[in-house]
Asks: 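This is the structure I want to talk about, given as structure tokens.
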Amino acid sequence: MLAGDLGRGVGVIGAGYVGLTLSVFLASKGVRTICVEKNEVKAGKIMRGVSPIHEQGLPELLQRVVRDGMLEARTEVGDMLERIDTIFITVGTPTSSDGAPDLTQVKEASRQVGEAMSTSRAATPLIVVKSTVPPGTTWHVVRPIIEEASGRSCGDGFHLCVNPEFLREGSALQDTMNPDRIIIGAKHSEAAERLKKFYEALYHPSKIPTLVTTPANAELIKLATNAYLALKISFINLISQICEATEDGDVGVIAEGLGLDPRIGPLFLRAGLGFGGSCLPKDLRALRWFAASRGLDASLFEAIIGINRAQRLRVVEKAESMLGGLSGKRVAVLGLAFKPRTDDVREAASLEIIRELLSRGAEVRAHDPAALDNARQVLGGSVTYCHRVEDCLNGADLAIIATEWSEYAAIDPSTLKSLMRNPLIIDGRRILNTRQLIEAGIRIHTVGLHSPSA
Ligand code: UGA
């Protein structure tokens, strides 16, 4: 066990993907961990060892660490400082109405931590901001709130670091266990050194590239990373539009050729329906807002967002032209999650496409192996939710692949022909064998592929 090197224990505020995964991982490494989640239902589930999120490997490990007494959940910070010496702040920073990140939860967590410190005799706790925040937030917003609420000063009564998180949904636990880099932002070298040592003990014996910088640079690295990933996706999606308008054009081949250039690399060049989820769209908006608020030209960010939206609308336009109008037509949407291996539908391409289909008079049936319940909460009764792919396809005039779940790639052409009223497909994620389907007499449009017949 490594717990000795990792201190007495750790507190994690906010049990979203980042906070819960981190908590479970720390507890599995023998660190006594207290997870603070203000949502009572979620906290209750964690206390019972039940995962409130769909994430590979998490339910089993959560159950184990709760059973072993290594992880506990509660709704308030309270007196936990008596039992821990490091606190990670992992609360959400959604976009507010003016495009700026809403820091309400970060401020509230900072206040609670400060108040807990004011009555605690714990010496110099280390506070680590993992929430994604605009540059300057940790030093100019979090620090003063903690200082005022605690009566202690940063660097003396407590230490403060920024430490952005780079895990992906769907592989959150794996990414937390094997981070590709650690970024630490701190004004005081003692604070950075403490967090560095913590991670050295946690990940020992492997050595993970670690960059120590200022809090604002660390905050900006996180936003810039997600904006750059989004840039790559919008870039390849714009190229995919060009491919569709070019004889023999195939964006898959273009991406392969691009990826062979070591300066570009092959990752994040999968064309399709663009990026969704709780991070890339939100962080791009945050960076756009931040640049604009400094009087800078944010048009590149604007363009990335614009291409992403256009990519989805183009699919609906295509559906309309393939069917000669959408009114009264039955459309099967396969895939609702923003990407496979998650039940998360936040900013999913499917939602935007479904809303547009409905507004043009189509009848929508939808399937997803994991995200039906979450989609129902957003779309309500406007859509027929199907638990079986076959029910979704039954009697459909058109099917759209909106998420690249592997089971959709395995759909047999004869199944499509026998179930659909009109075997017509739009492959928004490029997972079907286009040639095989055409040979089977199915009309198909594949995003990024020139198809004179579709
Ligand atoms: C993203 C980043 O990849 C993580 O490093 C980061 O920690 C996380 O945001 C966060 O800030 O919390 P995530 O939102 O889980 O992770 O999802 P990604 O795997 O990045 O995919 C985002 C979207 O881009 C998905 O809708 C996916 O379908 C789409 N995508 C991805 C493409 O359309 N093409 C690609 O080549 C790659």
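Counting starts at 1 for both ligands and their atoms, in listed order. Remember, predicted model here, so these are calculated numbers, not experimental data. The first residue of the sequence shown is numbered 1, and numbering continues consecutively from there.
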Asks: Is the shortest side-chain N to carboxylate O distance from Arg360 to Glu317 below 4.0 Å?
Replies: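 Judged by the 4.0 Å cut-off on N to carboxylate O distance, Arg360 and Glu317 do form a salt bridge.
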
Asks: When you measure from atom 18 (P) of ligand 1 to each heavy atom in Lys339, Lys282, Glu165, which option holds the nearest one?
Replies: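 It is Lys339 that holds the nearest heavy atom.
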
Asks: Determine whether any heavy atom of Glu347 lies closer than 4.0 Å to an atom of ligand 1.
Replies: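 Heavy atoms of Glu347 never come under 4.0 Å of ligand 1.
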
Asks: Could an N or O of ligand 1 be found under 3.5 Å from any N or O of Ser278, whether backbone or side chain?
Replies: no

Asks: Give the numbers and elements of all ligand 1 atoms closer than 4.0 Å to a heavy atom of Leu229.
Replies: 3 (O)

Asks: Evaluating non-hydrogen atoms only, which member of Glu404, Lys222, Lys130 is closest to atom 11 (O) of ligand 1?
Replies: Lys222

Asks: For ligand 1, which atoms, with element, lie under 4.0 Å from some heavy atom of Arg429?
Replies: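 Listed by number with element: 28 (O), 33 (O).
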
Asks: Using a strict 4.0 Å cut-off to heavy atoms of Glu169, name the atoms of ligand 1 that fall inside it.
Replies: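 Per the distance check, 15 (O).
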
Asks: Among all protein heavy atoms in this structure, tell me which lies nearest to atom 2 (C) of ligand 1, with the distance rounded to 0.1 Å.
Replies: Asn226 OD1, 3.6 Å

Asks: Looking only at N/O atoms, are Cys279 and ligand 1 under 3.5 Å apart anywhere?
Replies: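 For ligand 1, there is no N or O atom that lies under 3.5 Å from one belonging to Cys279.
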
Asks: With heavy atoms only and a cut-off of under 4.0 Å, state how Thr342 meets ligand 1: side chain, backbone, both or neither.
Replies: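 For Thr342, there is no contact with ligand 1 at all, from either part.
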
Asks: Would Glu169 and Lys339 pass as an ion pair if we require N to O under 4.0 Å?
Replies: no

Asks: Within a 6.0 Å radius of atom CZ on Arg285, are there more than 12 heavy atoms belonging to other residues, nucleotides or ligands?
Replies: yes

Asks: For atom 1 (C) of ligand 1, what's the nearest protein heavy atom and its distance?
Replies: Leu280 CD1, 3.5 Å

Asks: Starting from atom 8 (C) of ligand 1, which protein heavy atom do you reach first, and at what distance in Å?
Replies: Leu167 O, 3.3 Å

Asks: Give the residue and atom name of whichever protein heavy atom lies nearest to atom 32 (C) of ligand 1, and the separation in Å to one decimal.
Replies: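 It is Ile233 CD1, 3.6 Å.
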
Asks: Under 4.0 angstrom from ligand 1, any heavy atom of Gly274?
Replies: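 Heavy atoms of Gly274 do come under 4.0 Å of ligand 1.
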
Asks: Measure from NZ or CZ of Arg288 to the centre of the six-membered ring of Phe290 and say whether it is under 6.0 Å with the direction within 45° of the ring axis.
Replies: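 Geometry flag: not set, cation outside 6.0 Å or 45°.
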
Asks: I need the Cys386 SG to Leu372 CG distance, nearest 0.5 Å.
Replies: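 Separation between the atoms: 8.0 Å.
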
Asks: If the threshold is 4.0 Å, N to carboxylate O, is there a salt bridge linking Arg314 and Glu244?
Replies: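 Yes, charged N to carboxylate O under 4.0 Å.
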
Asks: Determine the sole option in Asp250, Thr434, Asp427 for which the side-chain hydrogen bond (donor to acceptor under 3.5 Å, both in side chains) test with Thr446 is passed.
Replies: Thr434

Asks: What do you reckon, does Lys232 put a non-hydrogen atom under 4.0 Å from ligand 1?
Replies: no

Asks: Relative to atom 27 (C) of ligand 1, which among Tyr17, Phe268, Phe338 owns the nearest non-hydrogen atom?
Replies: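 Of the listed residues, Phe338 has the closest heavy atom.
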
Asks: For ligand 1, which atoms sit closer than 4.0 Å to a heavy atom of Leu269?
Replies: 36 (O)

Asks: Check step by step if side chain to side chain donor-acceptor pair (under 3.5 Å) holds for Thr138 and Glu219.
Replies: CA-CA 8 Å; Thr138 300; Glu219 289 161 334; 2.6 Å; yes

Asks: Less than 4.0 Å between a side-chain N and a carboxylate O, is that true for Arg270 and Glu404?
Replies: yes

Asks: Looking at ligand 1, is there an atom of it that comes within less than 4.0 Å of some heavy atom belonging to Gly277?
Replies: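 No, Gly277 has no heavy atoms under 4.0 Å from ligand 1.
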
Asks: Tell me which part of Thr132 gets within contact of ligand 1: side chain, backbone, both or neither, using heavy atoms under 4.0 Å.
Replies: neither

Asks: With nothing but distance in play, are any N or O atoms of Phe166 less than 3.5 Å from an N or O of ligand 1?
Replies: yes

Asks: May I have the step-by-step check of salt bridge (charged side-chain N to carboxylate O under 4.0 Å, His left out) for Glu60 and Arg64, ending in yes or no?
Replies: CA-CA 6 Å; Glu60 300 81 0; Arg64 199 187 88 200; over 6 Å; no

Asks: Could you tell me the residue and atom name of the protein heavy atom closest to atom 36 (O) of ligand 1, and the distance to it rounded to 0.1 Å?
Replies: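 Going by distance alone, atom 36 (O) of ligand 1 is nearest to Arg270 N, 2.8 Å.
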
Asks: So, taking the atom named CD in Glu193 and the one named CD1 in Ile184, what distance separates them when rounded to the nearest 0.5 Å?
Replies: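 Nearest 0.5 Å value for the CD-CD1 distance: 8.5 Å.
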
Asks: If the cut-off is 4.0 Å to any non-hydrogen atom of Arg168, which atoms of ligand 1 fall inside it?
Replies: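 Going through ligand 1 atom by atom, the ones under 4.0 Å from Arg168 are 3 (O), 4 (C), 15 (O), 16 (O).
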
Asks: Any ion pair linking Glu55 and Arg168 (charged N to carboxylate O, less than 4.0 Å)?
Replies: no

Asks: Other residues, nucleotides and ligands only: do more than 12 of their heavy atoms fall within 6.0 Å of CD on Glu256?
Replies: no

Asks: So that I know where these two stand, are Tyr385 and His367 an aromatic pair - ring centroids less than 6.0 Å apart?
Replies: no

Asks: Using a 4.0 Å cut-off to any heavy atom of Phe275, which atoms of ligand 1 qualify?
Replies: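 Within the 4.0 Å cut-off of Phe275, ligand 1 contributes 23 (C), 24 (O), 26 (O), 29 (C).
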
